[in-house]
Amino acid sequence: MDDFLQTYGFLIATMLQAGLLGLSLYFPLQAGQLSLASPGFYAVGGYAAAIMLTNPAFAGLRDTLGNGMFPLTWLAGAVLGGLLGVIVGVPALRLRGIYLALATIAFVEILRVVALNLTVTGGAVGIFGIPQAFGFQDRWQYIFLFLPLLLLTLLFARQLERSRVGRALRAIREDELAADAMGVPPTQYKVLAFVIGAVLAGLVGAMSAPFLNTWNAKQGTFDASITILAAVLIGGSRNIWGPVVGGALLAAVPEVLRFLADWRLVINGLVLVVASLYLPQGIVGALERLGRPRPPQRPTSAPVSAAEVKS
Amino acid sequence: MALLEIENLSVNYGAIQAVRGLSLTVEEGEVVTLIGANGAGKTTTLRAVSRLLRPVAGSIRFAGRDITRLPADEAVKLGIAQSPEGRQVLARQSVQDNLELGAYTRKGSFRADLNEMYERFPRLGERRDQLAGTLSGGEQQMLAIARAMMSRPKLLLLDEPSLGLAPIIVREIFSIIRELNAQGVTILLVEQNARLAMNASHRTYVLEAGQLTFSGNSAELVNDERVLQAYLGG
Amino acid sequence: QKVETVTIGVAVAQTSNTALLGQEQVIGARFAEKFLNGRGGINGTPFKLAFQDTGGDEAGAINAFQNLITKDRVVGIVGPTLSQQAFASDPIAERAKVPVLGPSNTAKGIPQIGDFIARVSAPVAVVAPNAVRQALKLDPKIKEVAVLYAQNDAFSTSETGTFQQTVKDQGLTLSTVQRFQTTDTDFTTQVQAVLNAKVDLVIISGLAADGGNLVKQLRQLGYKGLIIGGNGLNTSNMFPVCQKLCDGVIIAQAYSPAQASAANQVFVKEYRAQYKKDPPQFAAQAYAGVQVMVEALKALDRKKKLNTYDLDDLRVALNKQILAGKYNTPLGTISFDKEGELIQKEFYVAQIKMRDAKNGSFVYLK
Amino acid sequence: MEFSQFVQNLLNGLAIGSVYAIFALGYTLVFSILGIINFAHGAVFTLGAYFTYTLVVGEFSNNGLLKGVALFPDGSPLSGNPLTFALATLLGAAGAGLIAVLIERLAFRPMRSRGADPLLALVSSLGVALVIVNLIQLLVGAEIYNFPSDAYGETPPALSFTLGGKIVIIRTVQVIIFAVSLVMLAVLGYVIGRTKIGKALRAVAENPTTASLLGISVDRFIVITFFLSGFVGGLAGTLVGTAFGVAGPYFGVTYGLKGLAVIVLGGLGSIPGAVLGGLVIGLAEAFVPAEYSAYKDAVAFALLFVILLVRPQGLLGRAAIQKV
Amino acid sequence: MTGAGMTASVPVTTDRNVVLEARNMTRRFGGLIAVNDVSFDVREGEIFGLIGPNGAGKTTLFNLMTGLTPPSSGTLTYRGQTVTGLQPNRVAALGMSRTFQNIRLFRGLTALENVKIAQHTRTRAGLWRGVLGAARAEEAQVERRAWELLDLVGMGDRAGELAANFSYGDQRRLEIARALATEPRVLLLDEPAAGMNTSEKGQLTAFIREVRDRFDLTVLVIEHHVPLVMNLCDRVAVLNFGQLIAMGNPAEVQRDPKVIEAYLGGE
Ligand SMILES: Nc1ncnc2c1ncn2[C@@H]1O[C@H](COP(=O)(O)OP(=O)(O)OP(=O)(O)O)[C@@H](O)[C@H]1O
Ligand SMILES: Nc1ncnc2c1ncn2[C@@H]1O[C@H](COP(=O)(O)OP(=O)(O)OP(=O)(O)O)[C@@H](O)[C@H]1O
Ligand SMILES: CC(C)C[C@H](N)C(=O)O
Ligand SMILES: [Mg+2]
Ligand SMILES: [Mg+2]
């Protein structure tokens with residue numbers, strides 16, 4: 001068991017982390033917004049944490065807070081992510097589909113180049129020697145951070161979906177114009193969904209900096225954007241479990257295929273092709289189809305409408 | 001010989017059986033009406049004939065040839081054209097491009113037909129360069145019908161052609177139906193405006209919940225109690 | 001658990017963009033396995049290499065290390081390819097108390113990651129200045145210098161710092177500094193700036209493809225002066241890119257096939273026999289990494305049979321032994337300071353000489 | 001800025017831009033018909049270059065499974081002369097075209113018939129790209145290959161002229177790339193804009209079901225599109241390869257992001273848009289002053305961001321039609 | 001928006017019963033004037049018909065009134081409040097709701113959800129109250145109303161079906177239910193009877209009256225089916241080429257030669 005955790009603990013934590021990033025993309029997607037900005041917020045969150053945990057400027061704070069520093073970095077990551085989310089989201093969300101996707105990728109790229117050029121971010125080398133959260137010794141211990149966060153996020157997402165706000169997001173996804181005409185203000189909710197995703201990604205980034213020991217500009221790139229999107233689609237983009245399953249799976253496949261040595265990435269590619277061909281609604285979508293959806297139940301207390309008029 | 005023979009046709013959408021064991025024929029040179037309540041399966045039937053939907057059972061024969069498994073574009077080449085429900089104009093193309101695409105399967109010039117359409121529907125003529133997607137609903141409907149006619153089909157399928165049209169244009173449509181028929185075009189017509197349609201057709205089929213309930217001579221059915229009640233508003 | 005067969009881990013980039021460099025390392029390590037086992041392995045017992053692909057990113061390196069440490073149960077690890085990866089994965093080995101030898105990590109701060117981390121790759125600060133000194137020897141009139149570097153590459157940015165410092169130290173003028181990306185292909189803008197600055201020395205820090213293109217475009221567009229290439233250009237992989245135009249590029253070396261030691265001469269001979277070309281630096285360093293591990297193991301084994309060790313103890317002992325020893329490798333005689341930093345005597349400067357469009361060699365300068 | 005510098009920047013921008021443009025042409029073609037981003041385009045582009053290389057050189061070195069295999073023991077009949085090189089390039093492009101068709105068959109068509117989310121095509125094409133890139137690496141290694149330097153015969157490597165006493169230079173290869181991308185633009189533009197085929201293609205692009213209802217064979221047009229896209233991409237791969245070397249299996253993939261930026265900036269699905277977008281981004285990069293060159297990529301993307309905010313459908317893209 | 005002179009040319013109504021006042025509403029598309037200087041009043045509780053040839057500008061006028069298309073000039077006031085310039089969702093919140101000629105349901109959602117969503121402006125729960133489950137009562141209310149409305153249009157037993165799977169005529173009914181869910185005071189129906197057969201059209205007439213009475217609505221309806229219009233509407237306005245060419249009670253309008261020529265067609 002110990003060996004298992006030693007070998008695969010990092011992978012499992014990475015899978016959880018990927019699931020979280022998938023969810024960060026899922027929130028805007030619920031409102032039909034194809035935003036690929038998550039790696040940008042993730043990178044920013046990570047930098048915030050890495051800087052707070054290594055930069056001499058924060059030495060005093062670190063000494064005072066001890067392990068309390070870590071939650072503070074999370075807060076910083078989340079807040080920074082959220083702020084940037086508003087700044088980018090408000091103008092960008094006038095765009096649609098691939099155009100929005102590209103605008104958000106542009107944002108990720110701009111951030112990357114800026115990070116390469118700043119000194120606080122350590123330039124291209126990045127920041128290394130990041131202290132371990134709560135004195136964690138092994139990678140698998142990060143499961144203690146990512147798993148609760150994932151569960152909380154799932155709970156949040158589920159509750160959101162069942163709420164008035166969740167309905168509004170879905171309406172916008174289905175038909176923005178009709179949603180508007182039915183009283184749902186699209187801009188406001190699109191920005192909200194976008195910012196929720198940004199906060200989550202920033203938070204995950206802040207947790208990930210110690211997890212990876214080092215942080216650099218390669219953490220937020222176009223490739224990451226595409227990988228996360230692929231994870232969401234493979235998992236299923238219509239159900240909160242989709243991004244989680246997809247993220248976990250895509251993180252795991254190349255590792256599980258290690259025994260194939262040189263062929264592993266070829267096969268990894270084939271897995272992607274086959275999965276997208278045979279699971280057009282994603283894995284969770286396919287599972288959902290097995291169990292037929294429960295027809296909605298009439299509220300029991302409802303007084304049967306007296307004047308039932310057949311049109 | 002019947003131009004169109006549908007035998008035992010069943011079409012499903014996933015678990016929903018939209019058409020069940022439907023058989024009908026349309027003779028060459030006939031106008032046939034298909035009526036039925038919302039959701040009866042009329043559109044589904046037409047889409048199956050156009051080969052947009054794959055039946056789960058039954059067969060469709062056109063001019064003696066089995067077309068049950070033919071791709072949709074091949075069906076057009078054989079001479080089947082449809083003015084579909086929801087109009088389906090190509091929104092980003094101009095009115096003229098839509099019409100020209102209607103004649104896609106034809107060889108040789110179709111200028112004359114184009115001009116004819118513009119004469120029949122002057123509104124389309126005025127708007128020939130407008131993107132079809134910005135036309136009003138009724139204008140789009142005219143375009144869809146005109147586009148279907150552009151291929152000079154042997155069999156014309158019209159799915160609720162009068163939908164969204166002003167009375168004056170509805171009248172035009174029905175006179176076109178008569179004219180085309182006089183020129184030998186066979187027409188299968190789905191209409192909610194049942195009285196008009198039946199008056200313009202030879203025979204009528206009545207569809208209910210995916211099944212044929214009865215059929216007969218239009219002139220007779222127009223006075224049939226059951227039809228009067230259900231479809232002609234008493 | 002006692003150690004039955006001794007396995008040494010090799011974690012380098014066998015896929016991704018970085019594979020271009022990793023491939024040479026794989027060859028070097030494989031070669032060491034075959035060659036050293038052919039000569040009796042560890043005092044008569046053959047050792048095994050376990051390869052784990054790191055890809056080009058941090059997570060890949062961590063996964064590779066974890067696999068080597070727990071699944072392959074290696075005694076030590078040679079890897080990873082990039083310094084950036086090392087910053088992520090070396091702490092893993094450090095905490096697991098597994099000795100690591102960086103075969104190509106040249107950035108500042110690598111051995112300082114921990115007690116178990118050492119490297120056989122000399123840091124840029126040591127290697128790079130040699131090239132500038134050599135260039136001045138070739139052309140004492142050099143005054144104006146242009147420096148170009150790949151700003152998205154960690155190693156190139158740290159190398160360029162050294163180069164720029166050296167330029168200043170040598171009393172030269174740094175006329176222009178130009179940046180590019182390793183993924184760039186068109187360098188007209190940078191070349192233009194260089195040409196406008198009328199420099200007589202150009203120093204490039206980048207990787208093979210971009211560096212090669214830069215050299216090519218500099219020459220094509222009319223630059224006539226000397227060119228120095230950094231560590232990333234130190235591979236024959238650059239030849240197909242700039243072809244004949246590679247001619248004359250000066251590259252500081254941590255390794256030379258001409259190095260006179262017996263260890264190297266045997267290595268070169270065997271390598272040539274198998275691959276029909278001189279071993280490149282990255283292959284030589286990977287070879288040296290494996291060799292150092294093997295020799296340290298031999299020394300341990302002589303004191304106490306390896307199969308009597310617990311794996312954990314062996315790793316700790318091995319680390320001590322690595323740092324204590326002196327090794328006759330193809331890189332010359334090397335040893336480590338107490339932090340694990342490489343102590344290497346000889347460095348070289350070579351100039352590229354192209355025989356034809358595809359084939360060339362590094363000609364070592366005195 | 002001095003005039004000569006301005007001209008030089010302009011030339012540089014056009015040169016960089018035409019590389020982006022030539023990459024983007026095939027990319028946008030598939031998008032315009034299927035509305036999907038084909039991430040495998042970069043890989044097909046790479047393959048074009050490798051195919052041509054195989055035809056003119058016929059052997060690979062050290063690191064792959066194909067080491068030591070010599071296709072032409074006596075030297076390739078297609079090497080050593082610009083004409084045969086051109087032929088090899090066309091054959092290589094055709095090969096890439098066929099691969100593109102194969103990709104459509106295996107990775108896109110089944111998805112279409114299952115009514116999958118079009119975004120999913122992105123995943124499947126990503127998978128294809130992964131397969132191709134890693135297969136290339138397995139077969140011929142990660143090393144850099146280059147075409148014989150006499151591919152274009154005795155042309156000088158660079159052209160130069162003086163302007164106001166200053167020398168302005170441009171590499172010959174880039175002039176060739178620029179010219180070829182304009183020719184491709186003209187041909188594709190003509191076919192799509194002016195012919196019956198083009199009209200049918202546009203119909204397929206807009207609504208395949210309706211197109212088939214008009215008698216247009218959707219599948220056939222999609223195959224044609226993929227072939228064209230692969231052909232154009234493969235051709236571009238060889239051309240860019242002659243300019244910069246075939247820098248390993250990832251050679252084409254690295255253009256993916258810029259290519260995407262280019263087609264979005266130009267307006268998705270617009271053929272002239274792809275060229276215009278390429279040139280605009282190329283020029284933007286070229287005009288970044290040398291001291292800010294570190295921010296070059298950021299400038300290009302910032303420009304993209306800003307232009308999209310002003311014109312949400314890209315430069316030459318057409319706004320979505322929303323008739324209520 | 002409107003020049004003072006233009007508004008001044010139309011007498012401001014003093015009729016207390018007027019809910020909607022359209023003044024000089026105009027909309028151009030390039031060179032085309034789709035709606036041309038249209039002014040009219042709609043009175044509380046009436047069923048107001050809007051007819052005219054295809055392309056006359058009826059749908060465009062609805063779009064102007066509900067904020068989906070900004071007018072080139074002119075204003076609309078609803079109970080004294082200016083509506084033009086507001087976003088569609090604000091207009092909906094004010095109490096004007098509509099159906100679409102080209103049906104625009106939330107196709108991928110169930111009938112029930114379609115109707116629940118439309119209650120957005122009548123409910124309050126924000127992000128946190130929703131996520132923390134603190135809006136139970138409100139949710140229960142939303143649910144109940146949704147079922148009532150589905151029952152009202154006879155779809156109570158199909159609540160869980162996706163809107164996309166409904167046939168054309170059924171989708172129209174669902175759209176009406178959805179529009180009603182916004183609790184409008186003014187309901188705008190764009191060709192509600194399209195796709196229904198003659199007897200269904202008859203039922204629809206009764207249904208519209210019924211909802212008007214039950215929910216105290218003012219109804220504007222665009223329709224080409226003349227018998228329905230004549231039967232249903234209290235007053236009818238006729239548009240042609242964007243201009244108002246006639247207005248009055250159905251019988252008058254039907255006799256108007258301009259209307260016969262442009263729209264009804266003579267025998
Ligand atoms: N895309 C679809 N998916 C699932 N079910 C569908 C789909 N299209 C139609 N149906 C169902 O199939 C049945 C037949 O529909 P069809 O559209 O053929 O009816 P119709 O007779 O044309 O009705 P209408 O007069 O309303 O147009 C209906 O019950 C409908 O709900
Ligand atoms: N976005 C647009 N661009 C150009 N023209 C438009 C646009 N929207 C509408 N039009 C034109 O404006 C005119 C009015 O259209 P509208 O949809 O209001 O007509 P309508 O009266 O509702 O007709 P129908 O009865 O056919 O639905 C039409 O001729 C239409 O072509
Ligand atoms: C392979 C080398 C170019 C790697 C480089 N020396 C580094 O430390 O990252
Ligand atoms: Mg129908
Ligand atoms: Mg209308």
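Lettering follows sequence order; numbering is per chain, from 1.
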From CZ (B:Arg147) to CG (D:Leu213), nearest 0.5 Å: 7.0 Å
What part of B:Thr134 gets within 4.5 angstrom of chain D, counting heavy atoms only: side chain, backbone, both, or neither? both
Proximal component of B:Leu52, with respect to chain D [non-hydrogen, under 4.5 Å]: side chain
Side chains of D:Leu214 and B:Leu101, heavy atoms from C-beta outward: is any pair under 4.5 Å? yes
Heavy-atom pairs under 4.5 Å with chain D, option from B:Leu90, B:Thr105, B:Leu135 with the top count: B:Leu90
Report yes if the side chains of D:Arg318 and B:Leu131 come closer than 4.5 Å at any heavy-atom pair, otherwise no. yes
Nearest 0.5 angstrom please: B:Arg51 CZ to D:Ser212 OG, how far? 10.5 Å
Between D:Val218 and B:Asp73, is any pair of side-chain heavy atoms under 4.5 Å apart? no
Neighbourhood of chain B inside residues 190-203 of chain D, taking heavy atoms under 4.5 Å as contact: D:Lys196, D:Lys199, D:Ala200, D:Arg202, D:Ala203
Taking atom CD of B:Glu7 as the centre, report whether more than 12 heavy atoms of other residues, nucleotides or ligands fall under 6.0 Å from it. no
Considering residues, nucleotides and ligands other than D:Arg105, do more than 12 of their heavy atoms fall under 6.0 Å from its CZ? no
With only heavy atoms counted, which part of B:Arg54 is less than 4.5 Å from chain D, the side chain, the backbone, both or neither? neither
Side chain from CB out, backbone as N, CA, C, O: work out which of these in B:Glu100 comes under 4.5 Å of a heavy atom of chain D, or both, or neither. side chain
Most heavy-atom pairs under 4.5 angstrom with chain D, which of B:Ala91, B:Ala81, B:Ala72, B:Ala148? B:Ala91
CD on B:Gln93 to OG1 on D:Thr210, rounded to 0.5 Å: 11.0 Å
